[in-house]
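Have a look at the structure below, then the notes.
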Number of protein chains: 2
Amino acid sequence: MSNSKKSPQADEKGITVKKTDDMPEWYGQVVMKSELADYSPVRGTMIIRPYGYAIWQKIQDYFNARLKELKVENAYFPMFIPESFFAKEAEHAEGFSPEVAWVTNKDEDSGERLALRPTSETIMYDSYAKWIRSHRDLPLRINQWCNIVRWEVKDVKLFLRSREFLWQEGHCVYTTEEECDKEALMMLDEYVRLCKDLLAIPVIPGKKSEKEKFAGAKWTSTIEAYMPDGKFLQSGTSHNLGQGFAKAFGITYKGEDEQNHLPWQSSWGFSTRLIGALIMQHGDDKGLVLPPSIAPIQIAIVPIVFKKDTAPIDEAHKVAKELESYEVKVDDREEYSAGWKFNQYEMKGVPLRIEIGPKDIEKGQVVIARRDTGEKYFVKRGDLKDKVEELLQDIQENLYSKAQSNIDENIVEPKDWNEFVKAAEARKVIIAPFCGKEDCEDIIKEETKGANSRCFPLEQQSKDLPEDCTCIQCGKPAIGYAYFGKCY
Amino acid sequence: MSNSKKSPQADEKGITVKKTDDMPEWYGQVVMKSELADYSPVRGTMIIRPYGYAIWQKIQDYFNARLKELKVENAYFPMFIPESFFAKEAEHAEGFSPEVAWVTNKDEDSGERLALRPTSETIMYDSYAKWIRSHRDLPLRINQWCNIVRWEVKDVKLFLRSREFLWQEGHCVYTTEEECDKEALMMLDEYVRLCKDLLAIPVIPGKKSEKEKFAGAKWTSTIEAYMPDGKFLQSGTSHNLGQGFAKAFGITYKGEDEQNHLPWQSSWGFSTRLIGALIMQHGDDKGLVLPPSIAPIQIAIVPIVFKKDTAPIDEAHKVAKELESYEVKVDDREEYSAGWKFNQYEMKGVPLRIEIGPKDIEKGQVVIARRDTGEKYFVKRGDLKDKVEELLQDIQENLYSKAQSNIDENIVEPKDWNEFVKAAEARKVIIAPFCGKEDCEDIIKEETKGANSRCFPLEQQSKDLPEDCTCIQCGKPAIGYAYFGKCY
């Protein structure tokens, strides 16, 4: 490796802080150095760089395929929302008012101020009222991929909090509450599956407390991921909106009885925040660690060239051809050393690296290094495809079960309030009986310096509570066991 | 067909005006009644409904696959652009200033006003200046799919003109002018191919005159479609931006000579306007006519049910199974009559309709109706797949050549200015020698009541002009033959 080989950027150092020592600093470095995203000159906003956007695109492709199966259609509604639309649903308006950014130009027809969408319920439901006439038009299932603006964010946390972010928002309309409930939970289940299959992230699905539910919803369900630093990350939500929006926007349908009825509505969404979860969940001190299902590059092949012997380069391309059903990148650039390339692909979290040197060609083998454990394998060329498939599957499963263990090992069921506070301080996954009241939740948050209820897990919904089960904080009757913890 | 079968909406009439009689009215009706798009309550904006968005998604999928081939990566930059960024490139700032919408909140750090992007050159190149260090970082090729705001539009024309629209914008950086020229034209060629392969629209590729070029560009190339009403529709552009933006934003790279150099830049884009071109180009008095390559539904299968004999429904699903490599929809809804369904799929431009009645089952056949010509075929079940493939290909080619004929039949090369004005009035495809000067172009536009130069066609770029070739209007030396016409 000669000295003339240089890095493309001045800063070629790896991550300079351990993940366990300073997670926020580690996180920022990983995002920047793996080139997932960058800060923008506009306060509160971020740039999603190609490597980060490729992950988002994989999430979109996966989810679009699921939406097609589920007969949800994509559409696009204007970003501008007339001020009066917010006012139509009182709770919704109150919930979003601090977050809204406005355009200086008013609508010429109505003279109204126009907001940049913080969410699209109101602008969509105005059209729904026009489009829906009969029970035959239901269920109506529409999704939109778009940018969202929430101005209250001042200090950007890349992927986690920014004034502008990308998301999908689904908005469905049903004739009955039962169907609405069922499909809102079906979408939450889709989110659980997406997190597992693509991102190798185990999430806890559950219902939000009254205080934490969406502004204007009957109930809100959520998927909660638990990060290695002991904080929860809300990663997607699905709401039964009840009939409030239908009433406010005049959405009615003529039933088989020829009478007009109010329909039921759901909405559900996840955002580029999922990429933040992905980074925190699996990354290590060398940088990003990506599950094979979501990795833009699944296998990096690095030929090791000595004394201008280009045989390894030819071999690398042959191997790439054999593995063309995967996302493979051959890095045969001459101006970078093999060592520098190894560091790069580790930083970028590429699941498998294949090294091919002159000796390997002689022996009819390649060297495979897996990113998650660092293990190296000497693999005969004849076994290559099988071994790659096996390793990729194993990495996917390993990352998931490691993350699951992190939850399992941190679950605590405190006996009393004192233990609860200690567990919150230790950033545990707390499960405890809860009254679900807003004022009690306020006290919990204050006394634990930030912990709140994450959700009432879905798995307990069908179980009966013990008869005299009382809230861990206030001692009044509990409505269920809830998860608690600090959060992003 | 009993009377109890009703349409889902009150308005079940077809298109009430002929395309040749009143193209704008026809266009509006087709877009609304085929449910491609809708008006929004916010002035100047539109809603892309699921059927329209499915077309946009097909365009995205096709083009994303091409971008991957061409090593262009997708990314996402903020929608907010600081006011000072526009000022950095003077021509660009002047070109866009009337179109810009602003946010009421200013950037807290700089105190600057923030614009909603009318195009993203400036916000992207600010980052490029940070990212690009060495010649090894070039070429840099980034594309972004996003929403764009141009406030000067007051009256929306669905898909054609609106305050907010969707587009892709590619922004590349090169070491040499030659490479930049080559790839900017390569992208224009990609646009030509997309229009042909997907949309069955023949377009004329060429270079814009000085007056018509992009604000800040060295040169602008364009693809021009010619609509059946004799007006051109600019359908995509690709620019060599020269080095002006690089200078303004401080983008430099260290060459192999270890010196700093200014790079060359290109940008290129097309928008949801393409869907407008698609509608106008192929539609007829019954509604939309979609080329098979872009049709969200390629084949609609309608079982004809008499007296509760459900055999045709089973048969329809069998046929759908056989044709599953296509986008097939079986419409077995009982509440709508077969005739109503036929009208619906004609309105929506579905390329092939397959009818299956009890008699057809007896005879071992289906009836296929093609949307473009209205022809009907009785096809033996054994020949079905081959016939479908043949018909879909034939429709795609037929629509393209019909559109090509419309250009060919309308090309006029006027002998003098008098003939030119007459041809412009008759909305012809005018080809004439042109000096390319701005003041001459102003006169042309005024005297023809709206016609201007569309482009200097690329195909003539290598040919020599006759020596004494003079401008059709001013008589000064011509720089080439240009196409002229009225436009959208």
Counting heavy-atom pairs under 4.5 Å with chain A, which one of [options] comes out on top?
options: B/A75, B/S162, B/G52, B/S40; result: B/A75
options: B/E112, B/K254, B/M79; result: B/M79
options: B/I142, B/L116, B/D109; result: B/D109

Please state whether the side chain, the backbone, both or neither of [X] comes within less than 4.5 Å of a heavy atom of chain A.
X: B/D38; answer: side chain
X: B/K154; answer: side chain
X: B/R113; answer: neither
X: B/Y39; answer: backbone

Test your reading of the model: is there a side-chain donor-acceptor pair from [X] to the backbone of [Y], 3.5 Å cut-off?
X: A/N147; Y: A/L166; value: no
X: A/T104; Y: B/T104; value: no
X: A/Q144; Y: A/F77; value: yes
X: A/K341; Y: A/D331; value: yes
X: A/Y51; Y: A/K348; value: yes
X: A/E169; Y: A/S120; value: yes
X: A/R150; Y: A/E99; value: no

Does this structure show an ion pair linking [X] with [Y], if we count only N-O contacts that are shorter than 4.0 Å?
X: A/R43; Y: B/D107; result: no
X: B/R161; Y: B/D155; result: no
X: A/E334; Y: B/R136; result: no

Aromatic plane relationship, A/Y53 with B/Y76 - under 30° parallel, 30 to 60° tilted, over 60° perpendicular
parallel

Pick one of side chain, backbone, both or neither for A/N74, based on which atoms fall under 4.5 Å of a heavy atom in chain B.
both

Heavy-atom pairs under 4.5 Å with chain B, option from A/I47, A/V149, A/N143 with the top count
A/I47

Is it true that atom CD of B/E256 has more than 12 heavy atoms of other residues, nucleotides or ligands lying nearer than 6.0 Å?
no

Determine, using ring centers only, whether A/F80 and B/W151 are less than 6.0 Å apart.
yes

Kindly state whether the ring of B/Y253 and the ring of B/H135 have centres lying under 6.0 angstrom apart.
no

Residues of residues 55-69 of chain A within contact distance of chain B, non-hydrogen under 4.5 Å:
A/Q57, A/N64, A/K68

Heavy atom to heavy atom, less than 4.5 Å: which residues from residues 122-129 of chain A reach chain B?
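Interface residues of residues 122-129 of chain A: A/I123, A/D126, A/S127.
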
